[in-house]
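Values in this document were obtained by computation on a predicted structure and should not be read as measured data. Naming convention: chains lettered A, B, ... in sequence-line order (proteins, then strands); numbering from 1 in each chain. Both backbone and side-chain heavy atoms feed into the values below; hydrogens, waters and symmetry mates do not.
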Amino acid sequence: MSNEGTNDRTTATMRVKRGLAEMLKGGVIMDVVNAEQAKIAEDAGAVAVMALERVPADIRADGGVARMSDPAMIEGIQEICSIPVMAKARIGHFAEAQILQALKVDYIDESEVLTPADETHHIDKFAFDVPFVCGATNLGEALRRISEGACMIRSKGEAGTGNVVEAVRHLRNITGDIRKITQADEAELFEWAKQLQAPLPLIQELAETGELPVPLFCAGGLATPADASLAMQLGADAVFVGSGIFKSEDPAPRARAIVEATTNYMNPDVLVKVSRNLGTPMTGIGMDEIDVRMADRGW
Amino acid sequence: MTTTTIGVLALQGAFQRHIQAVESLGANARAVRLPEDLDGVDALMLPGGESTAMSLLLGANAMTDPLRALIADGMPVFGTCAGMILLAEKVLDGRPDQVQLAQLPITVRRNGYGRQVASFEADLVVPALGLEDDEPFRAVFIRAPKVEAVGQGVEVLAEVDGDPVLVRSGPLFAAAFHPELTPDMRLHRAFLNSL
């Protein structure tokens, strides 16, 4: 055999789809609403950007129906960015996902931040070549999304609040139950599958490996370098920062500080250095002040 | 004989997979983030990830000069994907502030194979590396860099459709793909054996 001639290429395998999530580990994915913000994000060291029409804080404030972004806006961001560009589709809205795939976005986020399009069914993510990330508030939800083909899970948190409390709750829900399952015996695994409403083979695999079969990222309410460190120390592989950057007083230095904090999350000396003089973070809101819980969307 | 210590650059990316691979082969692996982590390291692995983010973090963590000095002194390095970009003499479609750690005489184009939908797997045959059997190596390419030119002294160890994807020049190895994403440890073993 020689290398001459043509090698058979296979695209869109699970390894290829999950592989991009592996490459984003230890990084920060930033929400951006235009090409100018995308440039700031890339300059600050983001590993990817999430293109969306309005950051979650504005979606929350404006109300109404939140949908997939205008293709022209996504193309504008793809034009200016050399890092991966992700975009959001509504839960269950496979037509939006088809459009995003035709645009060749690098990851599709089937996201609770947008208004759900289907109150029963999530998108069949195996039907797509572009990989999907989905939110989860607990392990059962995470495993259901994986069983539908999601290649990355992010804890949902509560987007657009600048309040990290829900992200912490969801991350701890997921990692805590994983730890318990690794201690369970064979018979108990059946009960776990029932309780979590998740496929038994995924539970059994989890018991064996001690980790999700796809990367686990953290999202929803992160606003400071310390928030990023907290998420990483709680077991996240990487972080999404949405409103936290571009709703703050001075986005560029804050974005860069969060990038450095995510890499050096275990090093308090670095965290001190990068946290200094960042200006005012987004104001944020308490959980008892909000009407809409985006994290409750998804089934 | 003391066990070899492989420093795996752990600023961002798939470094944990490389650490697991190195440890499974009986060598010590150490995550390196800051200059002091480089003490006593015998060889380096530069993982896949985003080369733009890594460039910024190399600067922020004051790693650029110490790494350049070690590599110029002849330290063996295996760079995969983004790691290949960091080693390359010339990078196309890069950012102006992209960090370059070595002078490996190759020209690479970032994301040269296209966006994620074009990411792929392919079988490689790597005879020159003395892989212990004829089984092809299943290589995973993720938004991979494309090697568009190789200079003098660069040995092309594997190709995909005529484009080099695995190269060696002296102590520097570079792959456009991700040997850390597959259970096949032959390339990691070949690198360790070369030390």
Closest approach of [X] to [Y] (non-hydrogen atoms, all atoms of both residues):
X        : Y        : answer
B:Pro183 : A:Arg15  : CD-NH1, 4.2 Å
A:Arg256 : B:Ala60  : NH2-CB, 3.8 Å
B:Glu50  : A:Pro84  : OE2-CD, 3.3 Å
B:Leu11  : A:Thr263 : O-OG1, 2.7 Å
A:Asp43  : B:Leu56  : O-CD1, 3.3 Å

Relative to chain B, which of [options] shows the most heavy atom pairs under 4.5 Å?
options                               : answer
A:Glu260, A:Gln101, A:Gln78           : A:Gln78
A:Pro215, A:Ala44, A:Ala48            : A:Ala44
A:Asp106, A:Asn264, A:Val270, A:Val28 : A:Asp106
A:Pro131, A:Ala21, A:Ala238           : A:Pro131

With a 6.0 Å cut-off (strictly less than), is the heavy-atom count around [atom1] of [X], excluding the residue itself, greater than 12?
X        : atom1 : answer
A:Asn277 : CG    : no
A:Gln233 : CD    : yes
B:Glu36  : CD    : yes

At a heavy-atom separation under 4.5 Å, does [X] approach chain A through its side chain, its backbone, both, or neither?
X        : value
B:Tyr113 : side chain
B:Asn61  : side chain
B:Arg115 : both
B:Ala118 : backbone

Once you round to the nearest 0.5 Å, how far does OG of A:Ser82 lie from CG of B:Asn111?
6.5 Å
Mind checking the CD1-CZ spacing from A:Ile83 to B:Arg95? Nearest 0.5 Å is all I need.
8.5 Å
What part of A:Met266 is in contact with chain B, defined as an atom under 4.5 angstrom from a non-hydrogen atom: side chain, backbone, both or neither?
side chain
Quick one: does any side-chain atom of A:Glu42 pair with a main-chain N or O of B:Ala53 as donor and acceptor, under 3.5 Å?
no
Distance-only, no hydrogens or angles: does the B:Gln116 side chain make a donor-acceptor pair with backbone N or O of A:Val16 under 3.5 Å?
yes
Looking at chain A, which one of B:Ala10, B:Gly48, B:Ala139, B:Ser119 has the largest number of heavy-atom pairs inside 4.5 Å, strictly under?
B:Ser119
[X] side chain near [Y] side chain, heavy-atom distance below 4.5 Å:
X        : Y        : answer
A:Met23  : B:Arg143 : no
B:Val160 : A:Arg9   : yes
B:Glu180 : A:Glu22  : no
B:Val117 : A:Thr11  : no

Could you walk me through whether B:Arg138 and A:Thr10 pass the side-chain contact (heavy atoms from CB on, under 4.5 Å) check?
CA-CA 11 Å; B:Arg138 191 72 176 161; A:Thr10 318; 3.1 Å; yes
Dump the intermediate steps for side-chain contact (heavy atoms from CB on, under 4.5 Å) on B:Leu57 and A:Val259, then the final yes or no.
CA-CA 8 Å; B:Leu57 289 161; A:Val259 168; 3.9 Å; yes
Which members of residues 29-36 of chain A, sorted by number, sit under 4.5 angstrom from chain B on a heavy-atom basis?
none
